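Just so it is clear, the structure is predicted and the values come from calculations on it, not from any experiment. Any value given below was found using the heavy atoms of this structure, including those in side chains, with hydrogens, waters and symmetry copies removed.
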Amino acid sequence: MKITILTLFPEMFDGFINTSIIKRAIAKNAIEIEIKNIRDYTLDKYGRVDSAPFGGGAGLIMKCQPIIDALESVKTPNSHVILMSPAGITFNQGYSHKYATYEHLIIICGHYEGVDSRVEQYVDECVSIGDYILTGGELGAMVISDAVIRLIDGAISHDSIIEETFENGLLEYPQYTEPYDYRGAKVPDILFSGNHEAINKWRQKQSLKITREKRSDLFEKYSPSKKDLKLLKEIDANETGKWETDAVEKGHKFIKK
């Protein structure tokens, strides 16, 4: 897959493409990232890419000509073009999966007070990462690129993706590592039971509990299974299920003291 980002500030992406998972994905040829400077395509003799809005108003508006020329220099019949815009659809994990199927994703970053509206005629959709205003679309482009790249084969392990937050409609269960006891806060015994079926059941129970408490909007959209409903009854009754008690008792020799 290839991601092309059109921006006035290509230097903002230096750290992004040379760090962590993104850098490794590029090194493995799992992804190609191309950064294009919109300013290189302006026909203005002074090199300007923005101007005051017609009709008056605050700030400066990015001109359509350099953006569209930059876009046409990289667009192919297989390209999917998005414009970062507060008026766009709100990006989520579902869109990450959708974009990861494209051969070529082009992201246009607006800046200043906005972008000439005629640019929208040349894009497939406008996208927002949330209901707040940023200085430009660069951070949004990084967010979308990061979310998409980690879904590409070879970027990270497949198992890591399956169990992540939002992948099954719930928040992820609590995670623990060393030390076992930190200032009196101990890792739950069930995780040392050796009973992977019970551990998975405990994790699902925790995901249900956390999602309902912290993201009621997600929980309302979730369709619980019969097993989920039993776990929710345990949560409501604030009780530890017999399945968990039995697993801990049988695996007591593995549990740290």
Side-chain angles (χ1 to χ4, degrees), residues 19-22 25 88-100 127-132 134 139-140 142-152 155-252 254-257:
T19 307
S20 189
I21 291 172
I22 309 301
I89 54 96
T90 302
F91 182 72
N92 59 28
Q93 189 67 5
Y95 283 101
S96 295
H97 283 279
K98 174 186 172 183
Y99 295 159
V127 182
S128 167
I129 61 168
D131 296 337
Y132 44 85
L134 299 171
L139 292 178
M142 292 182 203
V143 167
I144 291 175
S145 298
D146 187 283
V148 170
I149 291 170
R150 60 201 329 279
L151 297 177
I152 302 299
I156 61 175
S157 70
H158 181 65
D159 289 344
S160 294
I161 295 172
I162 292 175
E163 296 193 357
E164 286 187 317
T165 291
F166 303 124
E167 286 299 333
N168 66 350
L170 298 172
L171 297 180
E172 192 175 13
Y173 48 81
Q175 297 274 29
Y176 301 89
T177 189
E178 298 177 349
Y180 165 69
D181 185 338
Y182 184 71
R183 297 183 178 180
K186 298 179 180 179
V187 177
D189 288 342
I190 186 68
L191 298 178
F192 295 97
S193 68
N195 187 326
H196 294 291
E197 182 180 349
I199 289 173
N200 288 336
K201 193 171 182 178
W202 178 85
R203 286 173 167 169
Q204 180 68 3
K205 182 177 179 179
Q206 296 305 308
S207 287
L208 289 166
K209 183 175 184 290
I210 292 171
T211 304
R212 189 168 67 173
E213 290 176 352
K214 298 184 177 181
R215 288 293 303 274
S216 58
D217 57 321
L218 290 178
F219 189 78
E220 288 172 1
K221 298 175 184 177
Y222 181 72
S223 298
S225 65
K226 290 183 178 179
K227 292 181 179 179
D228 289 336
L229 292 174
K230 290 181 179 179
L231 293 175
L232 286 168
K233 284 184 179 180
E234 291 181 4
I235 293 169
D236 291 337
N238 194 28
E239 66 180 23
T240 300
K242 187 174 183 301
W243 55 270
E244 183 177 346
T245 302
D246 289 346
V248 171
E249 288 180 353
K250 290 179 181 179
H252 66 89
F254 304 110
I255 297 172
K256 297 188 178 184
K257 301 297 181 181

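Residue Asp217 qualifies as enclosed at atom CG: its count of foreign heavy atoms under 6.0 Å is above 12.
Leu191 places none of its side-chain heavy atoms less than 4.5 Å from the side chain of Tyr180. Gln204 is listed as a side-chain neighbour of Leu170, based on a closest heavy-atom distance under 4.5 Å. Side-chain contact between Leu134 and Ile129: present, with at least one pair of heavy atoms (C-beta onward) separated by less than 4.5 Å. Between Lys98 and Asn92 the shortest side-chain heavy-atom distance does not fall below 4.5 Å. Within the 4.5 Å cutoff, the side chain of Lys230 has no heavy atoms near those of the Trp243 side chain. Between Tyr95 and Val148 there is no side-chain heavy-atom pair separated by less than 4.5 Å. Between Arg215 and Glu220, the closest side-chain pair of non-hydrogen atoms is not below 4.5 Å.
A pairwise comparison of heavy atoms in Ala247 and Ala198 identifies CB-CB, 3.6 Å as the closest pair.
Ring-plane geometry between Tyr99 and Phe91 is classed as parallel, the angle between the planes falling under 30 degrees on a 0 to 90 degree scale with a further cut at 60.
When the side-chain contact (heavy atoms from CB on, under 4.5 Å) test is applied to Tyr182, the partners found at least two apart in sequence or on another chain are Pro179.
Contacts classified as salt bridge (charged side-chain N to carboxylate O under 4.0 Å, His left out) and involving residues 236-245 (residues at least two apart or in different chains) are given here: Arg212-Asp236, Lys242-Asp246.
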